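Here the structure is laid out as C-alpha cells; the discussion comes afterwards.
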Amino acid sequence: MTMTISTQITQTEPDFINGIMVLGRVTVVVNFQENDNYFGGQVVLTKENDDISFTNTNDEIQTKAIKKAKEQIANAQLINNKQS
C-alpha cells in the first residue's frame, strides 16, 4: 500500500539578528495518508533548531518538515490514560 505525504507551508515569520532580517520560523502542515490510515499535524521549523534560511527553496523546507515530523513520530511515547 502506498502512503502519500502532502505538505503545506502555512506561516513564515522573520526574525532579526544583529539588525539583520533572517527567516525565524516556518509552520508546515504535514499529512501522511494511505487508504485506511491517516496521520496529520503541523511542525514548526526554526532557524536555531532546523537551520532554515531565506535561501531554502519550498522543496527544501518541505523535506525538512517531513523529516522532523517522522522523527517526532518515531520518538513519541505512549501516555497511559486509564479511564475508570
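Note that the coordinates shown come from a computational prediction; the quantities given were computed from them, not determined experimentally.
Applying the salt bridge (Lys or Arg N to Asp or Glu O under 4.0 Å) rule to pairs touching residues 8-21 yields E13-R25, sequence neighbours excluded.
Note that OG1 of T27 is 11.0 Å distant from CD1 of I61, once rounded to the nearest 0.5 Å. Going from atom NZ of K47 over to atom CG of N49 covers 11.5 Å, rounded to the nearest 0.5 Å. Rounded to the nearest 0.5 angstrom, L45 CG and E60 CD are separated by 12.0 Å. Taken from CG in N56 to CG in D51, the straight-line distance is 7.5 Å, to the nearest 0.5 Å. Between atom CD1 of residue I5 and atom CD1 of residue I66 there is a gap of 5.0 Å, rounded to the nearest 0.5 Å.
A pairwise comparison of heavy atoms in S53 and T55 identifies OG-OG1, 2.7 Å as the closest pair. F32 and I73 get closest at one heavy-atom pair: CE1-CD1, 4.0 Å.
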query: Can Q72 and V30 be said to form a side chain to side chain contact (heavy atoms under 4.5 Å, CB included), step by step?
result: CA-CA 12 Å; Q72 288 175 337; V30 181; over 6 Å; no
message: Please evaluate residues K64 and V26 with respect to the criterion side chain to side chain contact (heavy atoms under 4.5 Å, CB included), reporting the C-alpha separation (whole Å), side-chain torsions for both, the decisive distance (0.1 Å), and the verdict.
response: CA-CA 11 Å; K64 287 176 184 268; V26 176; over 6 Å; no
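K68 pairs by the salt bridge (Lys or Arg N to Asp or Glu O under 4.0 Å) definition with D50, not counting sequence neighbours.
Cluster annotation: V43 and L23 are assigned to the same hydrophobic cluster (Ile/Leu/Val/Met/Phe/Trp/Tyr, side-chain heavy-atom contacts under 4.5 Å, transitive). Grouping the Ile, Leu, Val, Met, Phe, Trp and Tyr side chains by contacts below 4.5 angstrom, directly or via other members, places I17 apart from F54. Both F39 and M3 are members of a single hydrophobic cluster when ILVMFWY side chains are connected at heavy-atom separations under 4.5 Å.
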